[in-house]
Amino acid sequence: MFASHAQRKGVIRRNIDNYEKLSIYLSPNGEAVSQAVCLPEKIAAAYFSEALGFIEKLHPYRHQISESYEEFSTKYTKIIEEKRYSCARIRRKYALKGIKYELDSLGVSFDYRGAWLSKLRGACYIVIAAFTGCRDGEIKSFNIDSYKEKKYAGIKVSVLHGNHTKPNVGGVSRETSWVTIPSVKKAIELLWDAFRFAREGWRSQAADIEHFDERHKFLRDIDSLFVTLPYLTGYQPRAGKQSLAHSLRTFVRSVDYRATREDVNEFDLLNPTREGDLKVGEILEVHPHCFRRTFAVYLVRNKLASLLDIKYQFKHMNIAMTSWYASQANLASHFDMMIDSDLQDEIAGENKNYTADIFYYLYNDAETLAGPEGRRIKNLRAEGDFTVYLSKEEILKQVEEGRLSITEHPGGYCTNPNCDRICDMSVCQYKVVTLKKARSLIPTREKLMAKYNAMLASGIDMPNVISKIYFEIRSIEKVFSEHNIDFDIFNGQDFHI
DNA sequence: TGTATACCATGACGGTCCCT
DNA sequence: AGGGACCGTCATGGTATACA
C-alpha cells in the first residue's frame, strides 16, 4: 500500500514482480543477496558531504545545544503545565525568550517536537553508517566509549568497537571492530552531548521505576547514542526504527538533492532489481541498510577515496582505508580485530560483480579498445570468435574460478591476475584502454608535456627521467590514435635507445 | 500597531500492529 | 526479525480576527 501510495505521489516506482528470481540470477554465488539500495555516487556525495559539514559545523557547540534545548523545553513544559497561552506560537515565543541567540546563525532551530534534533540525529547516523559499513543494530549499540584510535605503521587509524548483538552458539558475545574516519568521533560526540539534556530527563524518570531489573535496563538504554525526547508521548529512551527512519527522511529532504538523468542511470546499473524506482527530479530516500551496501560497493569500485576527499582533513585517512582495501583487510589482522564476516562477503561479492561488469563491457559493448590486450579482444570480436561474446553468467563463473581478473589503473585496465599495480603500464601486454579511460588521459598528457618542457628548459641532465616522460607521452598518443581522439603530435627531442 | 486567540491544514514524532 | 502501514498526538505556520 505504501508502495502504491508512493507510486501515486511519484516518489518511487517499485517493481517487485521478479524480485526473487532476479536477485538469485544476478548474485555472484547463485544465492539471493540482500536487496539494499546502493546510492549513486553523486547522491551519496551530496548526502555525505552535507552530513559531514553539518557535524563539523555544530560539533563545537554540542554542549551549548544541549543547554539551550534544556532551557527551552523546561520553559515550554512549564507554560503547558500552567496552561498559559492557548496558541503554540506564543508559547514558543515565550519559551525562546532569554535563550542565547548565538546558535541562531548556525541554523539551530528550537522546536518542542524535536524536529531539528531529529535532523541532527539523521546526519550523525549517516556519517557513522556511511563510513563504517556497520549494521543498523551495531550502530545503535555504540556509545560514547565506542571510538578508539590506534597507531599502525605511523598512521593514526580510527576504530569503532561494538558488541555483536547476536550471541554465538555458546552464548558468548563477540566484539566487532570497524576501521573508520575521525569524523565519526565527532558524530558520536555531537550526538552524545547534544542529547545530554534528553538523557538527563530520562535518568530522572528512572527513579520512579520500582523493579530493580527494569530500572537497570532502562538506565542501560539511556546510555545509547540514539535517544528520544523525554517529555513527549514516547516512553522509551532508545530511538526506535521508525524514529530513525523519520530522522533520515528529515535530513535527506533538507538536503533536497534532485536526481539527474546521470544519477538515475547509475542507480539502475547499481540496483538492477530496482530499475526504474528512481526518477529524474526525485529525492532518493535512504534506509538504514543502504549505507552498508553503498560502503561495500564504493570500497570495491575504489571510489571511497574520492568520497573521503570531500573534506580535506580526511586525506590522511585515505592511506589507511585504501591499504585496508588493497590488502583485503590485512590491516584488520594487525589490529587483532574481528571484521564482520558478512561485510567481507558483501565486499567480495561486489568485487566479482565489478569485475564481471567491466569484462562484459570490454567483450561486448566497448566501441574502441586500445592496449595490447584490448587489441586482442577487438581482433577476436572482429573475427567473430564466439567465445568473446560471453554472457554475464559465464563471466561471473570465470571470475569466481580465478580465470578472469581485472585491476584498475589510472590509465586503463590490467587483465593480469597477478597484477601488483606497480608497473607503469605503458608497455604492459595485459593493458586494456577504453574510450573513457583514454579521454581521461588528455589532461595527464598535458601535464606530462609541461613537465617535459620544464625539465628540458631548466637544463637538468636526467636523460632517464626525461626519456621516460617522453615515451609515456608517445604511448598515450598511440592510445589516442586508436580511439580516434584528435591531438597534435608531441615533437619533443627524439630519443634513441 | 502590537499582542493574543481561533481555526485550519500540514506534517513530524514515535508508538503498535501486521505482513513477509 | 525487520520493514512498512497505520494511528494518535500535537507543534508549526498561514490567515483571519479581536482587543488594548
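Protein chains get the first letters and strands the later ones, always in sequence-line order, with residue 1 at the start of each. Atom set for the values below is all heavy atoms of this structure, side chains included, hydrogens, waters and symmetry mates excluded.
- What separates NE2 of A/H246 from P of C/dC6 is a distance of 14 Å, to the nearest Å.
- Using cut-offs of 30° and 60° on the angle between ring planes, the pair A/Y69 and A/W116 is parallel.
- Spacing between atom CD of A/E285 and atom P of B/dG11 amounts to 13 Å, rounded to whole angstrom units.
- To the nearest angstrom, P of B/dG11 lies 23 Å from OH of A/Y112.
- If you take NZ of A/K119 and P of B/dG11, they are 17 Å apart, rounded to a whole angstrom.
- OP1 or OP2 of B/dG11 has not a single side-chain nitrogen or oxygen of A/T250 nearer than 4.0 Å.
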Dump the intermediate steps for salt bridge (Lys or Arg N to Asp or Glu O under 4.0 Å) on A/D223 and A/R203, then the final yes or no.
CA-CA 10 Å; A/D223 283 333; A/R203 214 179 294 284; 3.8 Å; yes

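- Contact of A/R113 with B/dC13 (side chain to base): a donor-acceptor pair of N or O atoms is detected under 3.5 Å.
- Distance CH2 (A/W116) to P (B/dA12): 17 Å, rounded to an integer number of Å.
- Taking 4.0 angstrom as the limit, A/Y76 places none of its side-chain polar atoms (N or O) nearer than this to OP1 or OP2 of C/dC10.
- One can place CG of A/L248 at 14 Å from C1' of B/dC13, the figure rounded to the nearest angstrom.
- Rounded to whole Å, atom C1' of B/dG14 lies 13 Å from atom CZ of A/F195.
- Taking a cutoff of 4.0 Å between a charged side-chain nitrogen and a carboxylate oxygen, A/R258 and A/D256 qualify as a salt bridge.
- The phosphate of B/dA12 has OP1 or OP2 within less than 4.0 Å of a side-chain N or O from A/R253.
- Listed candidates were B/dG14, C/dA11, B/dC13. Nearest to the side chain of A/T228 is B/dG14.
- Between C/dT12 and A/R92, a contact under 4.0 Å exists linking OP1 or OP2 to a side-chain N or O.
- A donor-acceptor contact under 3.5 Å is not formed by the side chain of A/H287 with the base of C/dG3.
- For A/K42, the NZ atom counts as loosely surrounded, since its 6.0 Å shell holds 12 or fewer non-hydrogen atoms of other residues, nucleotides or ligands.
- OP1 or OP2 of B/dC13 lies within a sub-4.0 Å distance of a side-chain N or O belonging to A/S118.
- For the pair A/L229 CG and C/dA11 P, the interatomic distance rounds to 12 Å; values are reported in whole Å.
- Ring geometry, A/F72 versus A/Y112: the interplanar angle exceeds 60°, so the pair is classed perpendicular (tilted spans 30 to 60°).
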